[in-house]
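Structure record follows, encoded as structure tokens.
Note that ligands are numbered from 1 as they come in the structure, with each ligand's atoms numbered from 1 the same way. As a basis for the values below, the full set of heavy atoms in this structure was taken, side chains included, without hydrogen atoms, waters or symmetry mates.
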Amino acid sequence: MNIPANHPRRQSLLIREKIVDGFRNGIVVAQGLIAHGRGEAFDYIIGEVTPPPTYEAITAAAAALIIARKPVISVNGNTVVLAGKEIVKLSSIVEAKIEVNLFHRIPDREVKIRDYLMKCGANNVLGVGDDASAAIPELMSERRRVSPHGILAADVVLVPLEDGDRTEALIKMGKIVIAIDLNPFSRTSRNATITIVDNVVRAIPILIDTVLKLKHRTRGDLEDIIKKYNNKEVLGKVVEYIYSRLREESKLNLFFEKSPNK
Ligand code: PTJ
């Protein structure tokens with residue numbers, strides 16, 4: 001698609017094209033287009049920048065990934081087309097495994113996702129075919145199928161664009177769950193141990209930079225960052241940030257001047 005270089009919404013339209021291409025290639029499901037639209041709406045509201053309080057969540061997430069014994073990055077269709085290369089880079093820096101975990105497990109789709117990640121530089125991708133032989137207890141969706149060498153054994157799981165049920169189930173299994181979700185009100189955001197309210201496109205590169213900055217800190221320092229982190233408080237600050245943005249917008253808006261009641 002030809003998007004003019006000076007189009008004011010060029011960046012957002014380019015991201016949208018990636019999702020549409022992914023859909024045409026059988027990597028993204030139709031439901032993924034809807035999920036992306038919901039994400040776009042929240043991104044618009046936060047001003048298409050990383051909300052300042054989110055940096056606190058990213059710092060805690062980086063610390064958790066660095067000290068994890070068995071970190072896993074869980075990926076779905078939307079995530080790989082939006083941030084495949086960056087996911088592979090992050091996985092090599094924190095020595096995390098990458099596992100395909102899908103809500104819509106259509107035959108061959110996980111193979112396409114694995115192949116896409118291989119093209120992005122991954123050398124091993126779990127959760128494909130028979131490898132997803134274990135199950136997350138009490139979870140009924142297709143997301144319950146996991147690799148015994150990946151998510152089942154993991155102590156820290158990064159879950160971009162997730163649904164609330166699996167986050168809850170993983171927490172019950174005693175794992176640290178790091179979510180990336182543009183919607184601070186979602187069940188995923190509320191249930192995760194650490195919630196990064198941001199677009200996955202921006203969040204992963206910032207997470208990589210933060211890991212590189214913190215990598216040489218002592219284990220004690222990193223544990224301290226995680227201990228002091230309070231997800232509820234940070235989510236509250238993100239909602240407050242959204243609220244103050246909307247308050248500013250309402251003042252600037254000419255709507256009030258045009259009001260017949262004035
Ligand atoms: O590939 P599959 O089969 O596993 O399916 C993936 C989707 C995304 C379709 C599936 O997980 C799903 O239906 O997700 P939900 O329940 O719609 O939740 C997606 C959440 O991700 C919503 O809260 C969106 O606001 C959020 N979101 C959408 N796009 C982005 C995002 N968050 C961060 N970055 C985005 N680019």
Can you check atom 12 (C) of ligand 1: any protein non-hydrogen atom closer than 4.0 Å? no

Nearest protein heavy atom to atom 16 (O) of ligand 1, by residue and atom, and its distance? Arg38 NH2, 4.0 Å

Looking only at non-hydrogen atoms, find the nearest pair between Val159 and Ser74 and report the distance. CG1-CB, 4.1 Å

Just to confirm my output: which protein heavy-atom neighbour is closest to atom 36 (N) of ligand 1, and how far is it? Asn199 OD1, 2.9 Å

The closest protein heavy-atom partner of atom 32 (N) of ligand 1 is Leu182 N, 3.2 Å

Shortest reach to atom 2 (P) of ligand 1 by a heavy atom, considering only Arg109, Arg105, Glu162: Arg109

From Ile19, Thr79, Asp43, Asp181 - option closest to atom 22 (C) of ligand 1 by heavy atom: Asp181

Contacting atoms of ligand 1, where contact means under 4.0 angstrom from a heavy atom of Leu82: 36 (N)

Atom indices of ligand 1, in the order listed, that fall short of 4.0 Å to a heavy atom of Asn183: 23 (O), 25 (O)

Can you name the salt bridge (charged side-chain N to carboxylate O under 4.0 Å, His left out) partners of Lys119, sequence neighbours left out? none

Can you report which non-hydrogen protein atom sits closest to atom 4 (O) of ligand 1, along with the distance? Phe103 N, 2.8 Å

Scan the protein's non-hydrogen atoms and note whether one is under 4.0 Å from atom 26 (C) of ligand 1. yes

Could you tell me if Thr79 and Asn76 have a donor-acceptor pair between their side chains, going purely by distance under 3.5 Å? yes

Pairwise distance CG(Leu126) to CG(Leu152) - rounded to 0.5 angstrom: 11.5 Å

Can a salt bridge be assigned to the pair Asp181 and Arg38 using a cut-off of 4.0 Å between side-chain N and carboxylate O? no

Is it the side chain (CB and beyond), the backbone, both or neither of Arg143 that lies under 4.0 Å from ligand 1, heavy atoms counted? side chain

List ligand 1 atoms under 4.0 Å from Gly32, heavy atoms only on the residue side. 9 (C)

So which heavy atom in the protein is nearest atom 34 (N) of ligand 1, and how far is it from that ligand atom? Val200 N, 3.0 Å

Before accepting this row, confirm whether a basic side-chain N of the pair Arg144/Glu138 lies closer than 4.0 Å to the acidic partner's carboxylate O. no

Candidate with minimal heavy-atom separation from atom 8 (C) of ligand 1, of Gly22, Gly77, Ala35: Ala35

Under a plain distance cut-off of 3.5 Å, with no hydrogens placed, do Arg9 and Ser12 share a side-chain donor-acceptor pair? yes

Close approach, Val201 and ligand 1, non-hydrogen under 4.0 angstrom: no

Under a 3.5 Å cutoff, is there a donor and acceptor pairing between the side chains of Asp198 and Thr54? no

With no hydrogens and no angle check, just 3.5 Å: does a side-chain donor-acceptor pair link Asn231 and Thr195? yes

Among all protein heavy atoms, pick the one closest to atom 33 (C) of ligand 1 and tell me residue, atom and distance. Asp198 O, 3.3 Å

Less than 6.0 angstrom from the centroid, inside 45 degrees of the normal: does Arg114 satisfy that with respect to the ring of Tyr116? no

How far is atom 5 (O) of ligand 1 from its nearest protein heavy atom, and which residue and atom name does that atom have? His104 CD2, 3.5 Å

Would you confirm whether Arg109, through its side chain, and His104, through its main-chain N or O, come within 3.5 Å as a donor-acceptor pair? yes

Starting from atom 31 (C) of ligand 1, locate the nearest protein heavy atom and write down its residue, its atom name and how far away it is, to 0.1 Å. Leu161 CG, 3.6 Å

Which atoms from ligand 1 have a heavy atom of Gly39 less than 4.0 Å away? 25 (O), 27 (N), 28 (C), 29 (N)

Can we say Lys172 and Glu168 salt-bridge, meaning some charged N sits less than 4.0 Å from an Asp/Glu carboxylate O? no

